[in-house]
Amino acid sequence: MRMTVREATPEDAAVVHRVVHEAFSARPRLDPPAAALDETVDSIRTRLTASGGLLCTVDDDPAGSLLLDPDGDDVWLRRVAVEPRHREHGIASALVAYAEDLAASRGFRAVRVVARAELPDTVRFWENRGFLRESADGTALVLVRSLPVSVDVPTADDMRALGVRLAASARPGDVLLLTGDLGAGKTTLVQGLADGLGVRGHVTSPTFVIARVHRPLRDGPALVHVDAYRLGGVAEVDDLDLDAALDESVTAIEWGAGLVEGLADDRLEVAIARPAGDEAGEGRTVRVTAVGTRWRDADLRKLVA
Ligand SMILES: Nc1ncnc2c1ncn2[C@@H]1O[C@H](COP(=O)(O)OP(=O)(O)OP(=O)(O)O)[C@@H](O)[C@H]1O
Ligand SMILES: [Mg+2]
């Protein structure tokens, strides 16, 4: 099975219309009925011409589609449809992931979607993908997900400056989960966080210490710097008893991916990478993703810019 997602053009209107019609007619009857069933080939073509959409094919067979509907800084995903015979193959996930990447690369802040409360599996699908409930109009739920942002960080000083900027919007209880290879620049970013928060002590790679608390020099939260590199597993994370400190501090965790997510439903994931082909150079790219309600309404673009 070869699954492909691509941008749909106005020429795809008839195909997209068929996918939408088959997907939405196979759903349980809703009251009021899904407006998707009112779409015509013309109305789909108009939407594709105005703002585009995506088409997913499986071995060249149209299997799923969605329409993009920009609204200021945000994009609505409309008519998210999977052909009934192509269900349970990850087609909706592939479409949504593609849409998120596209929207992020075009500089949008968030994606939104309407899901009907009568279809709990659908609501769960969105929530599992990190969408958060924002409002409800009758049984029509609006779910939103803020989009990740990527920034180029040419030098170590720029990495510290990024840490300072992140500190400016940090609140007590915030958790930053830093990922990236050895020497990627995680500790360097934490040094900037420490500067920005105005905390005591020099931030270094804690070789023997797993967690170090930097007390505030002025009003504001402490910084807890955790290096989970030597932690054996989730049980040892629990032994650190971070829970108590988390609420009053800003916590930055290196090497915690796969270990500490359970401690922090709300977190900023900061992924540092070296651009491909420049492994020896100084350049880094940093991708910041928000997880949980803490940053639901935040504009990550402003956070890092
Ligand atoms: N653009 C950059 N951003 C961050 N650090 C950079 C950059 N360019 C060069 N560096 C250098 O790379 C090194 C990064 O080391 P750092 O200790 O911050 O990495 P780390 O990700 O914490 O590593 P570890 O996995 O060992 O904890 C530093 O020596 C820093 O000066
Ligand atoms: Mg480090």
Side-chain angles (χ1 to χ4, degrees), residues 104-105 148-170 174-217 221-242 245-246 249-264 267-291 300-305:
S105 74
V149 290
S150 294
V151 277
D152 290 333
V153 181
T155 68
D157 280 343
D158 295 322
M159 189 65 84
R160 276 183 282 268
L162 176 61
V164 171
R165 287 201 294 285
L166 290 174
S169 50
D174 283 356
V175 173
L176 289 85
L177 186 56
L178 310 174
T179 59
D181 297 340
L182 277 171
K186 302 179 289 296
T187 301
T188 307
L189 187 129
V190 178
Q191 288 168 352
L193 274 178
D195 283 351
L197 292 171
V199 296
R200 214 182 291 275
H202 185 58
V203 171
T204 53
S205 294
T207 312
F208 299 107
V209 203
I210 283 167
R212 189 175 277 152
V213 181
H214 298 270
R215 303 265 165 227
L217 290 164
L223 173 68
V224 177
H225 180 202
V226 181
D227 194 324
Y229 192 65
R230 278 167 200 83
L231 280 186
V234 183
E236 285 183 46
V237 176
D238 274 343
D239 286 348
L240 288 178
D241 195 23
L242 289 172
L246 286 184
S249 316
V250 172
T251 304
I253 307 174
E254 301 185 38
W255 293 107
L259 285 176
V260 301
E261 285 83 353
L263 283 176
R267 58 187 183 271
L268 270 192
E269 296 184 350
V270 180
I272 307 176
R274 292 180 167 84
D278 185 32
E279 279 74 11
E282 273 199 283
R284 307 282 193 271
T285 58
V286 176
R287 182 180 164 95
V288 180
T289 309
V291 180
L300 297 187
R301 300 169 309 178
K302 294 203 179 108
L303 227 62
V304 304

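This chain uses plain numbering: 1 for the first residue, then up along the sequence. In this text, all values refer to a predicted model and were calculated from it rather than measured experimentally. Whatever order the structure lists them in is the order used to number ligands and atoms, beginning at 1.
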Numbered atoms of ligand 1 (with element) below 4.0 Å of Glu254, judged on heavy atoms: 22 (O), 27 (O)
Full working for side-chain contact (heavy atoms from CB on, under 4.5 Å) between Thr187 and His225: CA-CA 9 Å; Thr187 301; His225 180 202; 4.2 Å; yes
Criterion side-chain contact (heavy atoms from CB on, under 4.5 Å) on Val190 and Leu223, from CA distance to verdict: CA-CA 9 Å; Val190 178; Leu223 173 68; 4.0 Å; yes
Under-4.0 Å protein heavy-atom contact, atom 29 (O) of ligand 1: no
Between CZ on residue Arg267 and CG on residue Leu178, distance to nearest 0.5 Å: 12.5 Å
Protein residue, atom and distance nearest to atom 31 (O) of ligand 1, heavy-atom basis: Ala156 CB, 3.5 Å
Any donor-acceptor pair under 3.5 Å from Arg165 side chain to Val304 backbone: yes
Of all N/O/S atoms in Glu254, the name of the one nearest the Mg ion (ligand 2): OE1
Which of the ligand 1 atoms, numbered from 1, are nearer than 4.0 Å to a heavy atom of Met159: 3 (N), 4 (C)
Contact atoms of ligand 1, heavy-atom distance to Asp181 under 4.0 Å: 21 (O), 25 (O)
Nearest-neighbour protein heavy atom for atom 26 (O) of ligand 1, which is reported as residue plus atom name and distance: Leu182 CD2, 3.5 Å
Atom pair CG (Leu193) and OG1 (Thr251), whose distance is rounded to the nearest 0.5 Å: 10.5 Å
Heavy-atom side-chain proximity of Leu300 to Leu268 below 4.5 angstrom: yes
Contact with ligand 1 for Gly180, non-hydrogen, under 4.0 angstrom: no
Close-contact set for ligand 1 against Pro154 heavy atoms, below 4.0 Å: 1 (N)
Region of Tyr229 engaging ligand 1 - heavy atom pairs below 4.0 Å: neither
Heavy-atom side-chain proximity of Thr285 to Arg287 below 4.5 angstrom: no
His214 NE2 to His202 NE2 distance, which is reported to the nearest 0.5 Å: 9.0 Å
Nearest non-hydrogen protein atom, atom 1 (N) of ligand 1: Glu282 O, 2.7 Å
Best match, Gly183, Gly283, Gly281: closest heavy atom to atom 23 (O) of ligand 1: Gly183
Top protein contact for atom 19 (O) of ligand 1, by heavy-atom distance: Gly185 N, 3.1 Å
Nearest-contact summary for atom 10 (N) of ligand 1 - protein heavy atom, Å: Arg284 NH2, 3.6 Å
From CG (Leu197) to CG (Asp174), nearest 0.5 Å: 9.5 Å
Met159/Val286 under side-chain contact (heavy atoms from CB on, under 4.5 Å): CA gap, chis, key distance, verdict: CA-CA 9 Å; Met159 189 65 84; Val286 176; 3.8 Å; yes
The Mg ion (ligand 2) contact by Thr187, N, O or S atom under 2.8 Å: yes
Ligand 1 contact on Lys186 by region, counting heavy-atom pairs under 4.0 Å: both
Heavy atom of the protein closest to atom 17 (O) of ligand 1 (residue, atom name, distance): Thr187 CB, 3.6 Å
Sub-4.0 Å heavy-atom approach of Thr155 to ligand 1: yes
Thr179 OG1 to Ile272 CD1 distance, which is reported to the nearest 0.5 Å: 7.5 Å
Closest protein heavy atom (residue, atom, distance) for atom 18 (O) of ligand 1: Thr188 OG1, 2.5 Å
Nearest-0.5 Å distance that lies between atom CG in Leu189 and atom CG in Asp158: 11.5 Å
